[in-house]
Amino acid sequence: MSESEATIEMERGIAQIEASYREALESARDENELRRRNAQYVGAQGELTKLMKWMPKVPGDRKKDLGRRVNQLKQAIEALFSARLEAIEAEAMRAELEGPFLDVSLAGRGVRPGRLHPITRVEAELLDIFGALGFDVADGPLVDYHENCFDRLGFPPDHPATDMQDTFFVTRRQTGASATTLLRTHTSTIQIREMMRRKPPLAVVAPGTVFRRDDDATHSPMFYQLEGFLVDRDVSFADLKGVLTLFAKRLFHEDILVRFRPSYFPFVEPGGEVDISCVFCEAWTHDHERTAGCKVCKGTGWLEVLGCGMIHPVVFENVGYDPEEVTGFAFGMGLDRIAMLKYGIPNIKLLYENDVRFLSGF
Ligand code: FA5
């Protein structure tokens, strides 16, 4: 191929491209088509790029002019491409904005908030109720001394206390060498600790876990109690009845009936147990037929919820209070028992099986 042929090819190519590119780019209807057509001119295999292959053969005096024209053409194509691309994008945006509304949001999965464990809920409710009556909240250690769990509470040394509240011992007293420690069997240990620490008047509630060698549908080796006690001058059994009746009404039902039965605990005198009218057959409505068929209260209409009594003078002496000066009452309830009654949970074990439904609402 001669030099003049190369020049002619380039001239012809440039003329062809000049004649066609504008129409080609302007008639492109969308971005893809525009890019494709642009590439046909200035892409790696594009016509303008191919034209440059003639350049080495073009005579020296024409090289500069043809090179400049190819460059100008390339710039013109690129400028037109950019302008068209912008216009096409603007048009697409306008069409989308003016077109039918497209809802791109998905109905979400919904957040399912968890719930507190039934025992935690019962505990919080009780603290609210007793807090409103002016009771403070106290805590104590899970491992405590034999003295705080039994001796100072007036359990006589030969008392079968450790049978009555089958105890897990941590250490045993070795001929007086070291104190006996145990997993507390009731929260009454906190009565002793708080009374030794503070002077009356005082009104305290103390929730916490306690441990006994017990294991059946209504007894667990670890369970929760809430202890309550109030010490002041002239505290009477009427105060105890008033506080516990109010507690039962607030926790369960305004119309609930409360019954006090005599019972024995070494640290109270007189001592009693409190029954509430059954919350399942709603025994306070006196629907005798319904109560007769109730499996929860076994037809009696009553459910036992706690132990209580007037604090024994011996306990006051053991903590350094003068029983001639102060009187007081104490009570202790099983929170598991109350949670089971409140939420209709048939077996205490269910509370400790980590069944996630207990935390997701029921
Ligand atoms: C006591 O533990 C006394 N400290 C309560 C008390 C305090 C009486 C102050 C007087 C004055 P009792 O052993 O009855 O009492 O237990 C109290 C409650 O704990 C019971 O009514 C029952 O609801 C619950 N309870 C007892 N053992 C278990 C167990 N193994 N599992 C679940 N709950 C239990």
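In this chain, numbering begins with 1 at the start of the sequence shown. Just follow the structure's listing: the first ligand is 1, and inside any ligand the first atom is 1.
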Checklist entry - Quick one: does E227 get an N or O within less than 3.5 Å of an N or O on ligand 1? => result no
Below 4.0 angstrom from a heavy atom of [X], which ligand 1 atoms are there? Numbered from 1 as shown, please.
X    : result
I348 : 31 (N), 32 (C)
F265 : 8 (C), 10 (C), 14 (O), 15 (O)
R337 : 23 (O)

Item to check | From V274, I338, I276, D275, residue fulfilling side-chain contact (heavy atoms from CB on, under 4.5 Å) relative to L303 | outcome: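 The residue from V274, I338, I276, D275 that satisfies side-chain contact (heavy atoms from CB on, under 4.5 Å) with L303 turns out to be I276.
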Could you work out, for [atom], the closest of [options] by heavy-atom distance?
atom                    : options          : value
atom 10 (C) of ligand 1 : P221, G272, C308 : C308
atom 16 (O) of ligand 1 : H186, Q225, H219 : Q225
atom 4 (N) of ligand 1  : S188, G332, G228 : S188
atom 30 (N) of ligand 1 : V210, L341, D214 : D214

Checklist entry - Is the ring centre of F130 less than 6.0 Å from the ring centre of F247? => result yes
Checklist entry - Can we call the ring centroids of F267 and F316 under 6.0 Å apart? => result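 No - the distance between ring centres of F267 and F316 does not fall below the 6.0 Å cut-off.
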Checklist entry - Ignoring hydrogens and geometry, is there a side-chain-to-backbone donor-acceptor pair from Y264 to G271 under 3.5 Å? => result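 A pair under 3.5 Å: no.
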Next on the checklist: Side chain, backbone, both or neither: which applies to D336 and ligand 1 if a contact is any heavy-atom pair less than 4.0 Å apart?
Outcome noted: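 Near ligand 1, D336 shows nothing, with every heavy atom at 4.0 Å or more.
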Next on the checklist: I need the contact type for T185 against ligand 1. Using non-hydrogen atoms and a strict under-4.0 Å cut-off, is it side chain, backbone, both or neither?
Outcome noted: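 For T185, no heavy atom sits under 4.0 Å from ligand 1.
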Item to check | Pair listing, salt bridge (charged side-chain N to carboxylate O under 4.0 Å, His left out) test, anchored in residues 87-102, at least two apart | outcome: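 Matches after skipping sequence neighbours: E91-R94, R94-E98.
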Item to check | Check: D287/T285 side-chain N/O donor and acceptor closer than 3.5 Å | outcome: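 No, no side-chain donor-acceptor pair sits under 3.5 Å.
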Item to check | 4.5 Å side-chain heavy-atom contact, L226 and T187 | outcome: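 Counting from C-beta outward, L226 and T187 never come under 4.5 Å.
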Next on the checklist: Quick check on F267 - does any of its heavy atoms sit under 4.0 Å from an atom of ligand 1?
Outcome noted: yes
Checklist entry - How would you list, by chain and number, every residue that makes a side chain to side chain contact (heavy atoms under 4.5 Å, CB included) with R35, sequence neighbours excluded? => result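 Listed in chain order: E31, F81, L85.
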